[in-house]
Amino acid sequence: MQLRDALDDYKRNTGHATRFPGERRTVTGRFSGGDGRLVHVAGDGELRDFGYPLTGRTGLVRSRVGLAVGDEIAWLDEVPTEQRYVGDTTLIETVHETDHGTVTRHDATIGDAHLTRASVDVGDDGHANVDPADLSLVVYARFAPDGRDDRVGQLRYDDAVEVYHADERDFLASDTGLADLRGQLPATFPELLDDAPTDLPRDRDGDRYEEERLSGEVIADVPFEEGVATVGTLLTDREETTREAARERLAALFAELDSPDALAAAAGETIPAVPESVPARESVVADLRVLSLLSAESGLRIAGPDFDPFYSTSGGYGYTWFRDDAEISTFALDADDRLGLGLDDWHARSAEMYVATQRPDGSWPHRVWPRNGALAPGWANARIEDGPDVDYQADQTGSVIAYLAQARAAGVDAEGLDETLVAALAGLDETLADDGRPVVCQNAWEDSAGRFAHTTATFLEAYSELALHGDGLEAAALDADAFGSTAALDPAALPDDLAAHARDQAARVYDALDDLWVPERGCYALRETAEGAIDDRLDSSTLSLASAHRSFDALGRGDGERGERGDGADAPGAVDDERLDRLVSHVETVVDGLAHESDEIAGLIRYEGDGWRRAGQRSEKVWTVSTAWGANACAELAVLLADREDPRAAEMVENARELLAHVSPGGSLCEPTTYLPEQFFDDGTPDSATPLGWPHAIRLATVALLDDELPQFADCVAADD
């Protein structure tokens, strides 16, 4: 998105009840990709690239497609349109009904290429006696190579045009050639300053000859052959791909992918195949599709498509947060183990990147670019900057540790994994206060500081997973010079038995949680403030305590497996009865207290008093990640209860399935696209990053957990009710 587009959107949407002006929304439409480039096909058919964080290439920032009869153009974004995914793939079918005929489009992103195959059918009535031979496809495309909309040039070929700046070269070509091709300048200064938005493309202006070559905007007239025309775009880097190779690549794709079936087969290879036998298969397919779309080749993921690149109302979403990413990795690892999804490559790439991006002090930074792990813009880099460490999100390090420990146990091979875990353990110790709870830092929602229950839960889970799976970790084998000057990372300062040390630390954190218990509300507090006051508001992030206690409970079973009884079948587990009662009370209180329902939606709000992106709405908005978290927490707690033959397990399973239903296909928080947006207004309007990877991963793992661990409760409310 360029500044011109943001200003245009600002003009169009200022004062709108549920739209924040200056954004590029993805709450409608679908994405194609999963193997590099990420292209959004809007509900009206507009194409835009969102893959810069994944590939480093900007590509298309605006586009329109039209059907032309002579000088008359019917823009397809102005006619009735329907859209769907084709099968389990990322191939998108969009059907436009125009006065001249029905245009059926198939859009597929294969690597760094995107193909749009359009077929036109005038029907038996001839659609106002239109001769099919008179029809052509009109494509308006604006490229921003290297993220620039100035100092851009064009090179013309018989069947293609190249738009270039310095390093990035973007190509547009057609398998039927280009009957006409022209360029135009972006919105001018007077147009930008005008109160009215600017409709593009404009008519040709003969007085501005330079616009034909000195901009990223092209308008191409593409002839149909036997009612079909295919247009392709390819994003390249000049150091990697020659001009000749780029054109040959597009020509080969036109020849190989010359039918919807061929496009579907190619698009199907960009995401994992899902066995027919898996439960809630439509939901699982959608989750794996989304997680594939949001992934870079490195294995790191963006949180969601960046709808707000100018930080108009947010801090951006097109980055990797180690909290979200590590939890997604953990959920995917668990679901794969239960459902047999064949995600070994995912697990390995995640582990390798966490090893590569660890800082010398054992922690992980606020957020990074997923394509290479380089530090990205952020506001919680206190452990990199000088000064106090308050603006550090310690829960991110805890989440990465929990994943790496479980990946190690699952046999995931990543060079340096053991050394990374040892350093992370030392870093975790450094940020654990003498009273057994994490020090003052930023929270999961990144909007306040304190000593949070959620951060404490991530520490409990990290220590517990290290204790369960840390046998053989040797601090003495580390090279002290490999780390920074932090005393806590001196290998000599660590105990010989690191698994036992982690167990002791987990017990300290477990006991220290009592400091946050609020008997008057029957729940754990959101936080202790930096000044020492207890903030007892309900917060959905505290639902993470359920999963953390399952990890801790496994320490009492002696088998090293989370929530499963091994040789010590009669072992009671590490969670005592009083704590279990408190957990039940906490989860019930949070789920009931954060529940919010309108005529259109039902789910959980993020926390009491949440005022973010409300616009004109008086109450807090419902969040899909909070609702999915509630379902997962109830399921995790149900496993703990079922292990003890506690009758409350059945009620927890019912709660889990009811919450899961809200975010499952057909639920009020799941869009017809199968996507989970971050938030919803009470009128049912989705808002913010769409799709958001985190709730999709939670949904995936919760489906697997309920099916695998709690089949005896299958007669509870069905997940798709």
I'd like to know if the side chain of D336 and the backbone of L343 have a donor-acceptor N/O pair within less than 3.5 Å. yes

Whether the side chain of S350 engages the backbone of H347 through a donor-acceptor N/O pair (distance < 3.5 Å, no angle test) should be reported. no

Can D195 and K11 be counted as an ion pair, charged N to O under 4.0 angstrom? no

Do D146 and R148 sit within salt-bridge range, that is, some charged N less than 4.0 Å from a carboxylate O? no

Apply side-chain contact (heavy atoms from CB on, under 4.5 Å) to the pair D107 and L47, showing each step before the final yes or no. CA-CA 9 Å; D107 283 274; L47 300 176; 3.6 Å; yes

Minimum heavy-atom distance between S215 and P186, given as atom pair plus value: CB-CD, 4.1 Å

Are R30 and Y675 in a cation-pi contact, defined as NZ or CZ under 6.0 Å from the six-membered ring centre and within 45° of the axis? no

Are E240 and R238 close enough for a salt bridge, meaning some N to O gap below 4.0 Å? no

Scan L137, V231, L76 and name whichever one has a side-chain contact (heavy atoms from CB on, under 4.5 Å) with R105. L76

Within 45° cone and under 6.0 Å: R367 NZ/CZ vs F322 ring: no

Can you list the residues that meet the side-chain contact (heavy atoms from CB on, under 4.5 Å) rule with P53, with sequence neighbours excluded? I302, W369, P370

Donor on one side chain, acceptor on other, D683 and T685, under 3.5 Å: yes

Considering all heavy atoms of both residues, which atom of G101 and which atom of T98 are nearest to each other, and what is their separation? O-OG1, 2.6 Å

Side-chain donor-acceptor contact under 3.5 Å, T81 with D44: no

Stepwise side-chain contact (heavy atoms from CB on, under 4.5 Å) test for L67 and F224: CA-CA 10 Å; L67 186 65; F224 287 99; 3.6 Å; yes

side-chain contact (heavy atoms from CB on, under 4.5 Å) partner of L288, the single match among L293, I271, D88, V274: V274

Centre of Y140's six-membered ring, under 6.0 Å away, within 45 degrees of the axis: is that where NZ or CZ of R62 sits? no

Check: L7 and E191 side chains under 4.5 Å, non-hydrogen atoms: no

What verdict does the side-chain contact (heavy atoms from CB on, under 4.5 Å) test give for H106 and T116, after you've listed the backbone C-alpha separation in whole Å, the side-chain angles of each residue and the deciding distance to 0.1 Å? CA-CA 6 Å; H106 289 92; T116 299; over 6 Å; no

Any side-chain donor-acceptor pair under 3.5 Å between T242 and R169? no

Assess the side chains of Q154 and Y164: does a donor N or O sit below 3.5 Å from an acceptor N or O? no

Using distance alone, with no hydrogens and no angle criterion, decide if T233 and H114 have a side-chain donor and acceptor under 3.5 Å apart. no

Can you tell whether the side chains of R12 and D199 come within less than 4.0 Å, N to carboxylate O? yes

Taking atom types as modelled and ignoring hydrogens, do the side chains of T236 and T241 form a donor-acceptor contact shorter than 3.5 angstrom? no

Salt-bridge contact E217-R142 (side-chain N to carboxylate O under 4.0 Å): yes

Please check: side-chain N/O of D306 versus main-chain N/O of G318, any donor-acceptor pairing under 3.5 Å? yes

Is the shortest distance from a Lys or Arg side-chain nitrogen in D149 or R4 to a carboxylate oxygen in the other one below 4.0 Å? yes

E97 and T102: side-chain donor and acceptor closer than 3.5 Å? yes

Do R243's NZ or CZ and the ring of F171 fall within the cation-pi criteria of under 6.0 Å and 45°? no

Within the 4.5 Å heavy-atom criterion, are D49 and L38 side-chain neighbours or not? no

